[in-house]
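Just follow the structure's listing: the first ligand is 1, and inside any ligand the first atom is 1. Computed from a predicted model, the values in this text were never measured in an experiment.
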Amino acid sequence: MSDTADAVVVGGGTVGAWCAYFLRRAGLARVVLIEKGFLGQGASSRAAGVVRMQGGTPEAVRLGIWSRRFYLSQHDEIGTDSGFTEQGYLLPCFTEADVAAAEQRMAMQTALGVPVTWLDPREVDAANPTLAPGQTLGGTFCAQDGFIAPPRNVAAYTVALIRSGAEVREHVAFLGLTADGPASGCTVETSRGPIAAGMVVLTGGPKLAAVGRLAGLRIPAGGVRHQVAVTERHPDLDPARVPMVFDLAAGLYWRPEEGGLLFGMSNPDEPPGENREVDEEYLAKMRARLAALVPVTAGLGLRRVWAATIDYTPDHLPIIGRAPGLERVTVACAGGAGMMWGPGVARAAADVALTGASDVLDTSPLGLDRFDEAGHSRLATDPIALPFPERIASS
Ligand SMILES: Cc1cc2nc3c(=O)[nH]c(=O)nc-3n(C[C@H](O)[C@H](O)[C@H](O)COP(=O)(O)OP(=O)(O)OC[C@H]3O[C@@H](n4cnc5c(N)ncnc54)[C@H](O)[C@@H]3O)c2cc1C
């Protein structure tokens, strides 16, 4: 076998691509990224781009802080960027239980350095004049949260990969791997022949479970349909007047986009599995909920609608860790939050692959060993997430 690499990274989404970049920057001479289609063809080019530090667990907060900083420093580092826009993010509370949960979260977030503040109901209405007044019991707000432009992020990591000297192989599928021993390098089987690799990082977003199966691993990660739409422009929706908002209980979020609103919502009853068809019936429910909270959207047409498969894990937390029994194989998944956590997950995965630990965050609770045979996690579920399924499709 003549083809060799210090590291092979599987998957050209935001997690795999930034991971390959970090591995190269850490000094590995030959980093090869294999992607069965083309860079960004998975979830990473289809996302809504929301980036928030207001996470529901300390791990989520740390990854949000790290990734936001990375987006802000990107231009100096690689000459282009992912289009991070600081917009401010409001998480309104509609019940006393929401308020109690928000207070607890704020204490944790503040202790970790997130500049999150509590807005009383009148302050919420003042901060967001498009919101129907008198709806909330207050909410948490972080002015430094924002969003990236997902296609621009794909362009940014493509440039970063090329500049760093990582080798990108598109239209090359991962087919499996064999390791000579638990601590030895691997032979990576691909659709273009084998590669002898010192280490391997497996990503795959919504397809990570299938990638894992090819490597003989059981990875409890799934994919499920998620819909996003963008309204027509309206003067009331000028970005200067509209913070981003997450109506957590409904699983509906929105942010300004080109003079209109971009909004997304997950159907909690959606069965797991790949699906990119637009569900018109559910889209009507999304529009109704949005119109109840942002009345100006009721009369607006839609300029874009799309559905794509989003990745998730049963506890809605990322997976970052070495594969059990295979020291040279690392698994990385952003758990459906690859815009807000992706660069942090990617850097932590590169660190874990190289040294077993990371200064991004303590990855020891986030490995595959937190799941039991049925895929149940022993960690508490991240409460600030879309209503993802908590089970994985059996197929
Ligand atoms: C509609 C939608 C909206 C979203 N909105 C947000 C948001 O606002 N904020 C946020 O944080 N996150 C959001 N997400 C989630 C985010 O997009 C994902 O978490 C992130 O893109 C996952 O990145 P990834 O690199 O793990 O996966 P992907 O981008 O899916 O990349 C995985 C890659 O692996 C490749 N691959 C699979 N199998 C193989 C194989 N056998 N061999 C080689 N290559 C293979 C695929 O072709 C793919 O390109 C959204 C997702 C969707 C779908």
**Q** Looking only at protein heavy atoms, which one is nearest to atom 49 (O) of ligand 1, and what is the separation?
**A**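 The answer is Glu35 OE1, 2.6 Å.
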**Q** Does Ala173 have a heavy atom less than 4.0 Å from any atom of ligand 1?
**A**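 Within the 4.0 Å threshold, so yes.
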**Q** Between Met244 and Val50, which heavy-atom pair has the shortest distance, and what is it?
**A**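 Heavy atoms of Met244 and Val50 come nearest at CE-CG1, 3.8 Å.
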**Q** With a 4.0 Å cut-off on heavy atoms, is Gly204 touching ligand 1?
**A**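 Distance cut 4.0 Å: Gly204 passes for ligand 1.
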**Q** Determine the interplanar angle of the Tyr253 and Phe246 rings, folded into 0 to 90°, and report it as parallel if under 30°, tilted if 30 to 60°, perpendicular if over 60°.
**A**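 The arrangement is perpendicular - the two ring planes meet at more than 60°.
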**Q** Could you go through Met199 and Leu354, starting from their C-alpha distance and side-chain angles, then the distance that decides it, and tell me whether this counts as side-chain contact (heavy atoms from CB on, under 4.5 Å)?
**A** CA-CA 8 Å; Met199 63 185 76; Leu354 290 165; 3.9 Å; yes
**Q** Restricting to salt bridge (Lys or Arg N to Asp or Glu O under 4.0 Å), what partner residues turn up for Asp81, sequence neighbours left out?
**A**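 Checked Asp81 against salt bridge (Lys or Arg N to Asp or Glu O under 4.0 Å); matches are Arg152.
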**Q** Please list, chain by chain and in numerical order, all residues satisfying side-chain contact (heavy atoms from CB on, under 4.5 Å) with Ala349, sequence neighbours excluded.
**A**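 Only Cys19, Ile320, Thr330, Ala332 meet the side-chain contact (heavy atoms from CB on, under 4.5 Å) criterion with Ala349.
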**Q** Is there a heavy atom of Pro206 sitting under 4.0 angstrom from any atom of ligand 1?
**A**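 Flag set, Pro206 near ligand 1.
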**Q** Nearest to atom 29 (O) of ligand 1, what protein heavy atom do you find, and at what distance?
**A**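 For atom 29 (O) of ligand 1, the nearest protein heavy atom is Ser44 OG, 2.5 Å.
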**Q** Is there a polar contact, in the sense of an N or O pair closer than 3.5 Å, between Asp311 and ligand 1?
**A**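 Among all N and O atoms of Asp311, at least one is under 3.5 Å from an N or O of ligand 1.
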**Q** Is Thr203 near ligand 1, meaning one of its heavy atoms is under 4.0 Å from it?
**A**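 The answer is no, since Thr203 has no heavy atom less than 4.0 Å from ligand 1.
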**Q** For ligand 1, which is the ligand I care about here, please tell me if Trp341 has any N or O atom under 3.5 Å from one of the ligand's N or O atoms.
**A**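 No, there is no polar N/O contact under 3.5 Å.
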**Q** May I ask you to identify the nearest protein heavy atom to atom 37 (C) of ligand 1, giving residue, atom name and distance to one decimal place in Å?
**A**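 Nearest protein contact, heavy atoms only, for atom 37 (C) of ligand 1 is Lys36 CE, 3.6 Å.
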**Q** Identify, by atom number and element, the atoms of ligand 1 in contact range of Ala48, meaning under 4.0 Å from any of its heavy atoms.
**A**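 Checking each atom against Ala48, I get 3 (C), 4 (C), 5 (N), 6 (C), 8 (O).
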**Q** So Pro256 and Gln87, do their side chains get closer than 4.5 Å, heavy atoms only?
**A**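 When only atoms from C-beta onward are counted, Pro256 and Gln87 do touch, with a gap below 4.5 Å.
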**Q** Could you tell me whether the side chains of Asn153 and Thr14 share a donor-acceptor contact shorter than 3.5 Å?
**A**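 There is such a pair between these side chains.
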**Q** Do me a favour and list the nearest non-hydrogen protein atom to atom 28 (P) of ligand 1 with residue, atom name and distance?
**A**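 Ranking protein heavy atoms by distance from atom 28 (P) of ligand 1, first comes Ala43 N, 3.6 Å.
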**Q** Can you name the atoms of ligand 1, numbered from 1 with element, that are less than 4.0 Å from a heavy atom of Met340?
**A**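 Those of ligand 1 that fall under 4.0 Å from Met340 are 10 (C), 11 (O).
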**Q** Could you list which atoms of ligand 1 come closer than 4.0 Å to a heavy atom of Val228?
**A**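 Every atom of ligand 1 under 4.0 Å from some heavy atom of Val228: 1 (C).
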**Q** Any atoms of ligand 1 less than 4.0 Å from a non-hydrogen atom of Gly336? List them with their elements.
**A**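 Listed by number with element: 12 (N), 13 (C), 14 (N), 15 (C), 19 (O).
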**Q** Do the ring centers of Phe70 and Phe22 come within less than 6.0 Å of each other?
**A**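 Between Phe22 and Phe70, which both carry aromatic rings, the centre distance is below 6.0 Å.
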**Q** Less than 3.5 Å apart, any donor N or O on the side chain of Ser73 or Asp76 sitting next to an acceptor on the other?
**A**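 No - no donor-acceptor pair under 3.5 Å links their side chains.
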**Q** Among protein heavy atoms, which lies nearest atom 1 (C) of ligand 1, and at what distance?
**A**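 Protein heavy atom at minimum distance: Arg46 O, 3.4 Å.
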**Q** Hey, which atoms in ligand 1 end up nearer than 4.0 Å to a heavy atom of His226?
**A**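 With His226 as reference, the close atoms of ligand 1 come out as 1 (C), 2 (C), 3 (C).
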**Q** Given Gly16, Ala47, Gly205, which one has a non-hydrogen atom that is nearest to atom 26 (O) of ligand 1?
**A**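 Answer by nearest heavy atom: Gly205.
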**Q** Which bit of Val211 is near ligand 1, meaning a heavy atom under 4.0 Å away: side chain, backbone, both or neither?
**A**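 The answer is the side chain of Val211.
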**Q** Tell me which protein heavy atom sits closest to atom 31 (O) of ligand 1, plus the residue, atom name and distance to 0.1 Å.
**A**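 Ranked first by proximity to atom 31 (O) of ligand 1 is Gly13 CA, 3.3 Å.
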**Q** Which heavy atom of the protein is the closest neighbour of atom 42 (N) of ligand 1, given with residue, atom name and distance?
**A**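 Going by distance alone, atom 42 (N) of ligand 1 is nearest to Phe174 N, 2.9 Å.
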**Q** Do any nitrogen or oxygen atoms of Gln41 lie less than 3.5 angstrom from nitrogen or oxygen atoms of ligand 1?
**A**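 Right, the criterion is met.
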**Q** If you have a sec, work out which protein heavy atom is nearest atom 16 (C) of ligand 1 and how many Å separate them, to one decimal?
**A**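 Among all protein heavy atoms, the one nearest atom 16 (C) of ligand 1 is Gly338 N, 3.7 Å.
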**Q** Taking only heavy atoms of Gly49 into account, list the atoms of ligand 1 that are under 4.0 Å away from them.
**A**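 The list of qualifying atoms is 7 (C), 8 (O).
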**Q** Nearest 0.5 Å, what's the OG1-CG distance between Thr130 and Asp236?
**A**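 If we round to the nearest 0.5 Å, Thr130:OG1 and Asp236:CG are 8.0 Å apart.
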